[in-house]
Amino acid sequence: MRLLPLALTAALTLCACGGGQEADSASKKAAQPEAFAAASPAESVATLARNLPLAECLAEHSTLATSEAPGSCPTYILLALDSMVDECARVGGTLQPMDEPEAWVLETSDDDQPEILVDLTKNYICYGAPSVFACGSQGCPVFLYAPRGDGWVEIGAINADDAPKIELLKSKGGGRRTLRGGCLGERPCSELTYYEWETDHYERTWIDYRGYIVDVLPGGLWTLTKDAAVRTAPSRTAPVLDEYPAGTAMVVIGSARSGPWQFVSPCNACRRGFVETAVLRKP
């Protein structure tokens, strides 16, 4: 029986790679234990793969209705084609494979069964309507699939900025390895996102932002109750990135572990930083 992938999760926020000034020493000291752990070396790094059978899978998909013979296309590609073909045809386009496929192979456990991390919207194009699969400046989530039986099952959704060269850290207690990504795989990186194994899937759980630890919250727009500054660190003496008027809606990404501050994104093109929890109102 084929294993259907999980539904698309809520839009994921793009991770930033910029540098910045250091904040005050008191706030920095509060985050140092976690920051030290965040610097743990990776056991391995996901490797780029370009051998996806895109054309073969598209051909197999087109013959499924008339053929009873089992196909060879991996189910993580074949099942995604159902909606991609339909969506492309709906706007008058034709789905075609890209010339240079791109995915990443990694091993999150020691079972000798590598997983694959892939964004199929970057591997197929809808000719005649190329923007049909666009996800805006945030990028589309990149799905992580693991082999199970004769097929594949989705076990996580990774931010577009975190997927390339994603790092695998030492596992805790013999379970699946923690994943760490950010800055399109370039290092050093000022914002590193950590994905931890939660029973049956990977969850984005915390972020190391310039040495300050942020516990990820469910996405949502919060509103400023008065004029406020977005700062580089969870401290009133930290440098100001920008100032915003009361009534501004901001995406709250997570809570600072060291104090009552929220890590926010004022807009897609804005610099991310910290705002005091007291001046934000939940929806």
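Since the model is a prediction, treat every value here as computed from it, not as a measurement. Excluded from the calculations below are hydrogen atoms, water molecules and symmetry mates; all remaining heavy atoms, backbone and side chain alike, are included.
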S.K.: Just verifying a value: how many Å separate E60 CD and L81 CG, rounded to the nearest 0.5 Å?
M.R.: 9.5 Å
S.K.: Does I207 belong to the same Ile/Leu/Val/Met/Phe/Trp/Tyr cluster as L280, with side-chain heavy atoms less than 4.5 Å apart forming each link?
M.R.: yes
S.K.: Please report the C-alpha distance between H201 and E154 in whole Å, then the side-chain angles of each, then the deciding distance to 0.1 Å, and finally whether the side-chain contact (heavy atoms from CB on, under 4.5 Å) criterion is met.
M.R.: CA-CA 8 Å; H201 69 284; E154 181 194 320; over 6 Å; no
S.K.: Among the clusters formed by ILVMFWY side chains lying less than 4.5 Å apart, do M98 and Y127 turn up in the same one?
M.R.: yes
S.K.: Side chains of L106 and L144: does their closest heavy-atom pair fall under 4.5 Å?
M.R.: yes
S.K.: Rounded at 0.5 Å granularity, tell me how far CZ in R176 sits from OG1 in T199.
M.R.: 12.0 Å
S.K.: Which residues satisfy the salt bridge (charged side-chain N to carboxylate O under 4.0 Å, His left out) test with K122, sequence neighbours excluded?
M.R.: none
S.K.: Between Y244 and L241, is there shared hydrophobic-cluster membership here, with clusters defined by ILVMFWY side-chain heavy atoms closer than 4.5 Å?
M.R.: yes
S.K.: Any side-chain heavy atom of R271 sitting closer than 4.5 Å to one from V230?
M.R.: no
S.K.: Rounded to the nearest 0.5 Å, what separates atom SG in C189 from atom CD in E167?
M.R.: 9.0 Å
S.K.: Which residue pairs pass the salt bridge (charged side-chain N to carboxylate O under 4.0 Å, His left out) test with at least one member in residues 84-93, sequence neighbours excluded?
M.R.: none
S.K.: Once rounded to the nearest 0.5 Å, what's the spacing between atom CZ of R180 and atom CG of L168?
M.R.: 10.0 Å
S.K.: Strictly under 6.0 Å, is that where the ring centroids of Y209 and F274 end up?
M.R.: yes
S.K.: Please name all residues satisfying side-chain contact (heavy atoms from CB on, under 4.5 Å) with A89, sequence neighbours left out, ordered by chain then number.
M.R.: none
S.K.: How long is the gap from CG on L58 to CD1 on I77, to the nearest 0.5 Å?
M.R.: 10.5 Å
S.K.: For residues 216-228, tabulate all N or O donor-acceptor pairs below 3.5 Å that involve a side-chain atom, not counting sequence neighbours.
M.R.:
| unit_1 | atom_1 | unit_2 | atom_2 | d |
| --- | --- | --- | --- | --- |
| T225 | OG1 | V279 | O | 3.2 |
| D227 | OD1 | A246 | N | 2.8 |

S.K.: If you define the side chain from C-beta out and look only at heavy atoms, does anything of I253 sit under 4.5 Å from V264?
M.R.: no
S.K.: Do I166 and V142 touch side chain to side chain, with heavy atoms closer than 4.5 Å?
M.R.: no
S.K.: For G182, does its backbone N or O pair with a side-chain atom of R187 as donor and acceptor, under 3.5 Å?
M.R.: yes
S.K.: Would a single hydrophobic cluster contain both W104 and V153, if residues Ile, Leu, Val, Met, Phe, Trp and Tyr are joined by side-chain heavy-atom contacts under 4.5 Å?
M.R.: yes
S.K.: Report yes or no: does D215 contribute a side-chain atom to a donor-acceptor pair with the main-chain N or O of W206 at less than 3.5 Å?
M.R.: no
S.K.: Is the distance between the ring centroids of W152 and Y76 under 6.0 Å?
M.R.: yes
S.K.: Pick from T108, N159, T178, T205: which one makes a side-chain contact (heavy atoms from CB on, under 4.5 Å) with Y195?
M.R.: N159
S.K.: Any disulfide bond (SG atoms under 2.5 Å apart) involving residues 249-283? Give me the pairs, sequence neighbours left out, ordered by first then second residue.
M.R.: C267-C270
S.K.: Is D111 atom CG crowded by more than 12 heavy atoms from other residues, nucleotides or ligands, each under 6.0 Å away?
M.R.: yes
S.K.: Please list, chain by chain and in numerical order, all residues satisfying ring pair (Phe, Tyr, Trp, His ring centres under 6.0 Å) with W197, sequence neighbours excluded.
M.R.: Y202
S.K.: Which atom pair, heavy atoms only, marks the closest approach of C183 to D161?
M.R.: N-OD2, 2.8 Å
S.K.: Would a 4.5 Å heavy-atom cut-off, applied to side chains only, mark T121 and V132 as touching?
M.R.: no
S.K.: Minimum heavy-atom separation for F133 to C88, with atom names?
M.R.: CZ-CB, 4.4 Å
S.K.: Which heavy-atom pair separates A229 from V240 by the least distance, and what is that distance?
M.R.: CB-CG1, 3.8 Å
S.K.: Does the pair R177/D110 count as a salt bridge with the N-to-O cut at 4.0 Å?
M.R.: yes
S.K.: What's the shortest heavy-atom distance between P101 and N123, and which atoms?
M.R.: CA-OD1, 3.1 Å
S.K.: Quick check against the 3.5 Å criterion: does Q262 have a side-chain atom that pairs as donor or acceptor with the backbone of V252?
M.R.: no
S.K.: Grouping I, L, V, M, F, W and Y whenever their side-chain heavy atoms are under 4.5 Å apart, do V91 and Y124 come out in a common cluster?
M.R.: yes
S.K.: Can you tell me how far CD1 of I158 sits from CZ of F143, rounded to the nearest 0.5 angstrom?
M.R.: 10.0 Å
S.K.: Less than 4.5 Å apart, side chain to side chain, heavy atoms only: is that true for H61 and M84?
M.R.: no
S.K.: Do you know the tightest heavy-atom contact between A80 and S83?
M.R.: O-OG, 3.2 Å
S.K.: Just by modelled atom types, is the P260 backbone N or O under 3.5 Å from a matching donor or acceptor in the T277 side chain?
M.R.: yes
S.K.: Taking the side chain as everything from C-beta on, heavy atoms only, tell me whether P266 gets closer than 4.5 Å to D242.
M.R.: no
S.K.: For a quick test of reading the model, state the closest non-hydrogen atom pair linking P114 to V105 and the distance between them.
M.R.: CB-CG1, 3.8 Å
S.K.: Would you call E102 and R50 a salt bridge, taking side-chain N to carboxylate O under 4.0 Å as the test?
M.R.: yes
S.K.: Side chains of E276 and R231: closer than 4.5 Å at any heavy-atom pair?
M.R.: no
